[in-house]
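Below is one structure, written out as structure tokens; comments come after it.
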Amino acid sequence: MKNLESNICSHIHKAIVSIGKVASEQLSEISLQATKVEFEGDFTLVCFQFTRLLGKNPEQIGNEIGGYLLENCSDIENFNVVKGFLNLSVKDSSWKKEFLDFGDSEIWKGLPGKSERILIEYSSPNTNKPLHLGHLRNNFLGYSLSELLKFAGYDVVKANLVNDRGIHICKSMVAYMESGMTETPESSGMKGDHFVGKYYVQFDQILKSQVAELVKNGVSEDLAKEKAPVSIKAKKMLLDWESGDKEVLGLWKTMNGWVYKGFEATYKRMGVDFDKFYYESDTYILGKDVVDEGLASGVFFKKEDGSVWIDLTNEGLDQKLVLRSDGTSVYITQDIGTAELKFKEFKMDRSVYVVGNEQDYHFVVLFHILRKLGRSYAKGLHHLSYGMVDLPSGKMKSREGTVVDADELMDEMVNTAKERTSELGKIADFEANELNELYEVLGLGAIKYFLLKVDPKKRMMFNPQESIELNGNTATAIQYTHARISAISRKAIQQGLELKLTAIPDSLEKSEKDLLKHLLKFESIVLEASTEYSPAVIANYLYETSRLYNSFFAHESIFQASTAEKVQFRVALSVKSGEVIRACGKILGIVMPERM
RNA sequence: GGUCCCGUAGCUCAGCUGGAUAGAGCAACUGCCUUCUAAGCAGUAGGUCUUUGGUUCGAAUCCAAACGGGAUCACCA
């Protein structure tokens, strides 16, 4: 699309210069839009924008530019002006050339490399409970953003900062100790992360009963929460952990080990991976030297009690603590330190944090701090902030048991895919392992697409009662389109037909032209998605591709086309569509099956 | 209360760098499988784009305010 469209634009530019006798610098960039179906033409130029510059009415302008193009631009066959809109019809030969260039290109292997490295931090789980639906959105977003940027030519590093320490882990540990430490994931047959999560929930139950007891004896609720024996134990355990108590560290390692084993299985099933793991137990001490540096340079200041702050009132924010009065770190201290560590290790040009929007403020502050500290990497920082996944009952709350567990959801969707597949009964000749692989691909694809097609920054709704759809705007329907295309190319190979797009028939059916024009947009869509950090852009484009292909498929017969040339062309068009669908699927982490 | 995000069809979402009659899917209703995969296609119906002002030749899109929903404002992470 690039060549044809930009060529026309540059001619329009010249036309305006020649018509209005204006300096070419006075013109901003010309952009065209696709002509609406109700009108004749391929591209439309909106002429109102030039009325002031040229001192003429839009109709006149349209006619004059149209006339100029007809004479000077070899791509234009005809034009018409409706109100202020100049509709341009492109010659079939120009379209043909454009389509053939596209047929030659191998753009779906990825865009040319850009010597820029981007580090993407995502997932970042707590090690005290299993992953839930919210984590799925985070993981799929982070993974597909990484794939998207890789595809766009960047050097991408995927990092996971595991939150493996803190009071929440101590809670699981305390509850486990209270239970007598008799069972293990092995003995109970539970997945490690679910096993530890069970004790985290148990802690809360013990706490509740102890608080109730204290309240009955006249203690206020707030105080009771603090004074409950398990609360005290958890706090003491955190201190013991920090002072390196052998026993506590031992239990901590054991329990985290169980969780990691569970996470590993879940990550594998989700199809996400990481190049680098950071652990907060290593990084939580970092950042203090940077605070010292900032104090010396005057970016931070110290209050009488010894606490260290940054004043962001000039930025429209308030004062923010960066070091406690006792000299210990807070959350943001660690993040400063971790940012330094990442840069030291990877020298990345950009750094993206895939973190929920409840931390918007935190990242605004963090980025301000790093900028004020004069860090070279500060301009490349970006918070990919995504909205929560809501249930019809409202927010997910682990304590109220209203979470949708990631492992369970994946099981359910794979199962739904299985039921549907056997209902349709098309794959009777599949081996058992092929079948299971297909169910997995369909179930996981459905969840991924469901979560990725929505603009990341928006909150979204998930209704666990109705399982994720398999008809309509879903991964399943897209995967189906791909399977269909694969069937076409199998048959074409059998018949010894050429799969490459090497020739374009003189006249194209509407559905063919629409599909081709849409496929041409692929590169610019990838660029748009990567500059906006939005896999949703890819997902929506992918769906449109699938829809247009299906429409073409339903309207035109491929192997029964009137001429051999048309058969060849339609086969090649199908193959191309399949390539684009697969490329989008790869970016989204959705596998496209050959048969289903 | 301050700050930030969101508000489009009954439901879930596109469209938002201003352009012609606002698009999909689900749900409802009609058609289409003796011919390449009907998990599909074609159609009907469904809209004061939360409201009110402003900017503009032109606003779902930009600006302001109001209303509604959410997040956040800890020496928690």
Side-chain angles (χ1 to χ4, degrees), chain A residues 29 31 33 35-39 44 46-49 51-52 57-58 82-85 87 126 163 165-168 280 284 303 305-309 316-318 320-332 334-335 356-362 364-365 385 387-388 390 392 394-395 417 420-421 423-424 426-427 442 450 453-455 457-463 466 469-481 483-488 490-492 528 536-537 539-540 543-544 546-547 549-561 567 570-571 574 595-596:
Chain A
E29 203 169 327
S31 70
Q33 53 192 93
T35 302
K36 299 249 172 189
V37 282
E38 314 80 86
F39 301 96
T44 294
V46 181
C47 301
F48 295 96
Q49 51 185 323
T51 48
R52 198 164 301 164
N57 71 45
V82 181
K83 290 192 268 181
F85 299 91
N87 300 319
N126 288 344
N163 187 350
R165 55 141 241 138
I167 193 78
H168 47 283
E280 278 201 16
Y284 83 106
K303 289 194 177 171
D305 62 1
S307 57
V308 181
W309 298 73
L317 306 172
D318 47 14
K320 189 84 191 166
L321 180 89
V322 295
L323 205 64
R324 291 195 190 100
S325 51
D326 62 5
T328 57
S329 314
V330 288
Y331 181 40
I332 205 151
Q334 301 173 37
D335 265 5
N357 62 6
E358 67 274 10
Q359 293 199 35
D360 283 356
Y361 184 64
H362 171 77
V364 170
V365 172
S385 158
M388 272 182 203
D390 276 324
K395 222 172 129 170
R420 171 62 74 86
T421 307
E423 266 169 41
L424 293 169
K426 295 185 186 175
I427 31 68
L442 295 178
F450 180 84
K453 72 175 173 187
V454 180
D455 181 353
K457 73 173 178 235
K458 286 191 179 172
R459 292 176 76 96
M460 62 181 295
M461 191 52 159
F462 174 73
N463 189 345
E466 330 164 349
E469 284 288 335
L470 300 179
N471 291 331
N473 186 356
T474 65
T476 317
I478 296 164
Q479 288 167 318
Y480 180 73
T481 307
R484 224 176 203 182
I485 291 172
S486 300
I488 297 291
R490 277 194 299 273
K491 186 168 175 182
E528 183 192 337
V537 171
N540 289 311
Y543 176 61
E544 191 64 16
S546 165
R547 235 170 47 91
Y549 183 83
N550 283 334
S551 181
F552 155 71
F553 182 88
H555 285 103
E556 309 304 333
S557 170
I558 294 172
F559 293 102
Q560 305 302 316
V567 172
R570 287 177 186 171
V571 165
S574 300
R595 296 174 61 198
M596 64 186 270

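Sequence lines set the chain letters: A, B, ... in the order given, protein chains first and strands last, and positions in each chain run from 1.
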Using the [atom1] atom on both, measure [N] against [M] and round to a whole Å.
N	M	atom1	answer
C32(B)	G69(B)	C1'	44 Å
C63(B)	C6(B)	P	11 Å
U8(B)	A42(B)	C1'	26 Å
A22(B)	A60(B)	C1'	7 Å
G25(B)	A71(B)	P	33 Å
G54(B)	C41(B)	P	45 Å
C73(B)	U17(B)	C1'	32 Å
C16(B)	G7(B)	C1'	14 Å

I'd like to know if the side chain of [X] and the backbone of [Y] have a donor-acceptor N/O pair within less than 3.5 Å.
X	Y	result
Arg595(A)	Ile427(A)	no
Lys453(A)	Asn473(A)	yes
Arg324(A)	Ser329(A)	yes

Pairwise side-chain contact, [X] with [Y], heavy-atom cut-off 4.5 Å (strictly under):
X	Y	answer
Ser574(A)	Phe552(A)	yes
Phe85(A)	Val46(A)	yes
Asp335(A)	His362(A)	yes
Leu323(A)	Trp309(A)	no

Nearest whole angstrom, please: distance from the [atom2] of [N] to the [atom1] of [X].
X	N	atom1	atom2	answer
Arg459(A)	A71(B)	CZ	P	6 Å
Glu528(A)	C16(B)	CD	C1'	11 Å
Asn471(A)	G25(B)	CG	C1'	10 Å
Ile478(A)	C41(B)	CD1	C1'	16 Å
Glu423(A)	G40(B)	CD	C1'	16 Å
Ile427(A)	A38(B)	CD1	P	16 Å
Asn463(A)	C13(B)	CG	P	11 Å

Check: [X]/[Y] side-chain N/O donor and acceptor closer than 3.5 Å:
X	Y	value
Ser307(A)	Ser325(A)	no
Glu280(A)	Tyr331(A)	no
Arg484(A)	Asn550(A)	yes

For nucleotides 58-62 of chain B, which of its nitrogen or oxygen atoms have a protein nitrogen or oxygen under 3.5 Å away, and what is each distance?
none

Measure across [X] and [Y] and return the closest heavy-atom pair with its distance rounded to 0.1 Å.
X	Y	result
Asp318(A)	Tyr361(A)	OD1-OH, 2.5 Å
Met596(A)	Thr476(A)	CE-O, 3.8 Å
Phe450(A)	Met461(A)	CZ-O, 3.5 Å

By the 4.0 Å heavy-atom rule, please label [X] as base, sugar-phosphate, or nothing.
X	result
Asp335(A)	nothing
Ser574(A)	nothing
Ser551(A)	sugar-phosphate
Asp326(A)	nothing
Asp455(A)	sugar-phosphate
Gln49(A)	base

Is the aromatic ring centre of Tyr480(A) closer than 5.5 Å to the centre of the six-membered base ring of G40(B), with the two planes inclined by less than 30°? no

Indicate syn or anti for C33(B), taking the glycosidic torsion and treating anything within 90° of 0 as syn. syn

Using the rule given for side chain to side chain contact (heavy atoms under 4.5 Å, CB included), can you reason through Ile332(A) versus Val365(A), listing the C-alpha separation, both sets of side-chain angles and the distance that settles it, and then say yes or no? CA-CA 9 Å; Ile332(A) 205 151; Val365(A) 172; 3.5 Å; yes

Would you call the rings of Phe553(A) and Tyr549(A) parallel, tilted or perpendicular if under 30° counts as parallel and over 60° as perpendicular? tilted

Please determine whether a side-chain nitrogen or oxygen atom of Arg324(A) lies at a distance below 4.0 Å from atom OP1 or OP2 of C76(B). yes

With sequence neighbours excluded, residues passing side-chain contact (heavy atoms from CB on, under 4.5 Å) with Lys457(A): Asp455(A)

Nearest listed nucleotide, side chain of Glu358(A), among U72(B), A20(B), G70(B): U72(B)

Where each residue is assigned the nucleotide of RNA chain B containing its nearest heavy atom, which of Met388(A) and Gln33(A) is assigned the position nearer the 5′ end? Gln33(A)

5' precedence on RNA chain B between Asn163(A) and Phe462(A) (nearest-nucleotide basis): Phe462(A)

Would you list the protein and nucleotides 3-12 of chain B atom pairs, both N or O, that sit under 3.5 Å from each other?
{"unit_1": "G7(B)", "atom_1": "OP1", "unit_2": "Lys458(A)", "atom_2": "NZ", "d": "3.4"}

Between protein and nucleic acid, restricted to nucleotides 21-24 of chain B and to nitrogen or oxygen atoms under 3.5 Å apart, what atom pairs and distances do you find?
{"unit_1": "A24(B)", "atom_1": "O2'", "unit_2": "Tyr543(A)", "atom_2": "OH", "d": "3.3"}

Does the side chain to side chain contact (heavy atoms under 4.5 Å, CB included) test come out yes or no for Val571(A) and Ile558(A), once each step is laid out? CA-CA 7 Å; Val571(A) 165; Ile558(A) 294 172; 3.9 Å; yes

Given Watson-Crick and G-U pairs under 3.5 Å, RNA chain B in dot-bracket ([ ] crossing, | other strand) is (((((((..((((.....[...)))).(((((.......))))).....(((((..]....))))))))))))....

Pairs under 3.5 Å (N/O, protein and nucleotides 34-36 of chain B):
{"unit_1": "C36(B)", "atom_1": "O2", "unit_2": "Ile558(A)", "atom_2": "N", "d": "3.4"}
{"unit_1": "C36(B)", "atom_1": "O2", "unit_2": "Phe559(A)", "atom_2": "N", "d": "3.2"}
{"unit_1": "C36(B)", "atom_1": "N3", "unit_2": "Ile558(A)", "atom_2": "N", "d": "2.9"}
{"unit_1": "C36(B)", "atom_1": "N4", "unit_2": "Phe553(A)", "atom_2": "O", "d": "3.0"}
{"unit_1": "C36(B)", "atom_1": "N4", "unit_2": "Glu556(A)", "atom_2": "O", "d": "2.6"}

Determine whether Lys36(A) and Asn87(A) satisfy the following criterion, side chain to side chain contact (heavy atoms under 4.5 Å, CB included), listing intermediate values before the conclusion. CA-CA 9 Å; Lys36(A) 299 249 172 189; Asn87(A) 300 319; over 6 Å; no

So, does the side chain of Asn550(A) form a donor-acceptor pair with the base of A38(B) at under 3.5 Å? no

A20(B) base / Thr44(A) side chain donor-acceptor hit below 3.5 Å: yes

For Thr44(A) and Phe39(A), what are the C-alpha separation, side-chain angles and deciding distance, and is it a side chain to side chain contact (heavy atoms under 4.5 Å, CB included)? CA-CA 10 Å; Thr44(A) 294; Phe39(A) 301 96; over 6 Å; no

